[in-house]
Protein chains: 2
Amino acid sequence: MWILLVEDEKQLANSLKRGLEEEGYVVEVQHDGEEAELQGLVNDYDIVILDWRLPNRDGKEILEHWRKEDRNFPVLMLTALGDLDHKVSGLDAGADDYMSKPFSFDELLARIRALSRRSADISNTEIVKIGPIEVDARRHNVTVGGISLTLRQKEFVLLELLMTHLGTVFSKTQIAERVWGSAYYVSDNTIEATISTLRQKLNDTFEDIDTYKLGKNDQIIETIRGAGYRFNIDLFKDHKDS
Amino acid sequence: MWILLVEDEKQLANSLKRGLEEEGYVVEVQHDGEEAELQGLVNDYDIVILDWRLPNRDGKEILEHWRKEDRNFPVLMLTALGDLDHKVSGLDAGADDYMSKPFSFDELLARIRALSRRSADISNTEIVKIGPIEVDARRHNVTVGGISLTLRQKEFVLLELLMTHLGTVFSKTQIAERVWGSAYYVSDNTIEATISTLRQKLNDTFEDIDTYKLGKNDQIIETIRGAGYRFNIDLFKDHKDS
DNA sequence: TTGTTTTAAGCTTAATTTAAGGTTCCCCAT
DNA sequence: ATGGGGAACCTTAAATTAAGCTTAAAACAA
């Protein structure tokens, strides 16, 4: 889950970012309204959290522009306490939900979950199931043929990314950005090592189940040399579960 | 797609180069402004990414010079965050888009795609189809009569180059530059060997399909002795697909 | 501490280039 | 015309280089 957080109070923004990251979300923070507007036009976030009062440009303008350009990720707007006017105008402009400051972090989480459930986008299903592999984004849990396996944060987010974008090849650069949050400072090897342990955990679990057997050369996560990685949907093509 | 990246921060430049190459672009990096200016005067890049603050010469001067000399490739300028003055002066000087640092790699990709779409040049369609041969630049994938064939990076870029410039004969020097990124260090034989394996893969796949049969002496990639290579459009002239 | 993440190093595999000998084509002298 | 001879090009296989994998150890964070 890729979230854009637009909030100019840096301290608040950072603590929210940290909290959300602990929950397994990948969070980009933008303090400046104008910049945020561009980012939203260009990136397909799963959710945007948008403060209504911003330097340079206000939340409403931004949101209207996005909606005019058919950017239809769910938007959760943040307003000052008691600011009912803004609430109404925001929902009119196309916001999907609102929250007034101050709010509890748990409430924020709950609303984010609700929004991602409601959203039409496939990538926001709470539970993704492909063949015997089941990813529960909410509980942060993966099972293969009913057996649960313990993945670490990065492994989990990486698997989730690949499984919610079937057919897409993600380059290392894109993976760095969407799993680690930034393309800089993440070495190739870090990603390779994570892929490696993730594959091992998946394979080990497949050995323990009876319902599906992997062939000798079957790779659940394919490597496309020079280009990136992709979830190998072909392995489960016939085997329609859901 | 041939891209010139002018950026003096070497670390950033290299990571962008790598990321773009993973996407199948051919990227030339130039750290020095003066050098970059010359290269832009001489080569027909598909897109130029130009940092605004450079040693020796600043982005604006370079761009103005190019535009005065009718170099009209799209230019995406990079500015420091919040540098609105530069943004305006850059767009005035003839930049087609701008992005402020730091930016996400996906955002860069999106903007490059947008620019190449916008550009008048025919060569920028995402999917090229000629007769039964289909090249999908985005997914990095070639099919002949529906059968997908696995090309290596160099083979792919070479085929793409020829198919997006129908009728044009490319000399070995030009191919070296636009497939390998630089004419130095690439021997003629390297190119010949690549052409050879590419032809074989194409021919093999044509054997497997029923919709189109190659004649005994038909060459999909023609050799023009002493001049270079060209995609043989005549083979598919009657056979109008699209 | 304890668990997670990153780095390091050697290894494996695939892509790319080089090398070497073979074709084909063209020019020129016969 | 015709048959060397050379240049340009083709084709394979071998050598080289690069990309990716794996494991353990180091660094970091809770």
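What you are looking at is a predicted structure, and each value in this text was computed from that prediction instead of being measured. Quick note on labels: first sequence line is chain A, next is B, and so on, each numbered from 1. Any value given below was found using the heavy atoms of this structure, including those in side chains, with hydrogens, waters and symmetry copies removed.
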Please classify the nucleic acid contact of Y229(A) as base, sugar-phosphate, or nothing, using heavy-atom distances under 4.0 Å.
sugar-phosphate
Quick one: label S187(B) by what it contacts on the DNA or RNA (base, sugar-phosphate, nothing), any heavy atom closer than 4.0 Å.
sugar-phosphate
Any side-chain heavy-atom pair of N43(A) and L4(A) under 4.5 Å:
no
H31(B) (side chain) donor-acceptor with E7(B) (main chain) under 3.5 angstrom
yes
If you count the non-hydrogen atoms of other residues, nucleotides and ligands that lie under 6.0 Å from NZ in K10(A), is the total more than 12?
no
Between atom CH2 in W180(B) and atom P in dT17(D), what is the gap in whole Å?
17 Å
Using modelled atom types only, decide if a donor and an acceptor are shared between the side chain of N232(B) and the backbone of E222(B) within a distance under 3.5 Å.
no
Between R152(B) (CZ) and dA18(D) (P), how many Å, whole number?
15 Å
Would you kindly give the CD-to-P distance between E155(B) and dT11(D), to the nearest whole Å?
13 Å
Is the backbone of T150(B) close enough, under 3.5 Å, to the side chain of K201(B) for a donor and an acceptor to pair up by distance?
yes
Whole-Å distance, Q200(B) CD to dC9(D) C1', equals 14 Å
Taking any heavy-atom pair under 4.0 Å as a contact, classify T223(B): base, sugar-phosphate, or nothing.
sugar-phosphate
Short question: side chain of K172(B), backbone of D188(B) - any donor-acceptor pair under 3.5 Å?
no
Spacing of N203(B) atom CG relative to dT11(D) atom P, expressed in whole Å
9 Å
Can you check the I220(B) CD1 to dC10(D) C1' distance for me, whole Å?
16 Å
When rounded to whole Å, the CZ to P distance for the pair R199(B) and dT11(D) reads 7 Å
Start and end of chain B contact along DNA chain C [non-hydrogen atoms, under 4.0 Å]:
dA15(C) to dC25(C)
What do the steps show when you test D204(A) against L149(A) for side-chain contact (heavy atoms from CB on, under 4.5 Å), and what is the final call?
CA-CA 10 Å; D204(A) 289 354; L149(A) 64 167; over 6 Å; no
Can you name the closest pair of heavy atoms from R53(B) and D8(B) and give their distance?
O-OD1, 3.5 Å
How does protein reach along nucleotides 24-30 of chain D, written 5' to 3' as B (base within reach of a heavy atom under 4.0 Å), S (only sugar-phosphate), or - (no contact)?
-------
Parallel, tilted or perpendicular: rings of H165(A) and F170(A) (30°, 60°):
perpendicular
R230(B) atom CZ is separated from dC9(D) atom C1', nearest whole Å, by 17 Å
Side-chain N,O (R225(B)) to OP1/OP2 (dC9(D)) below 4.0 Å
no
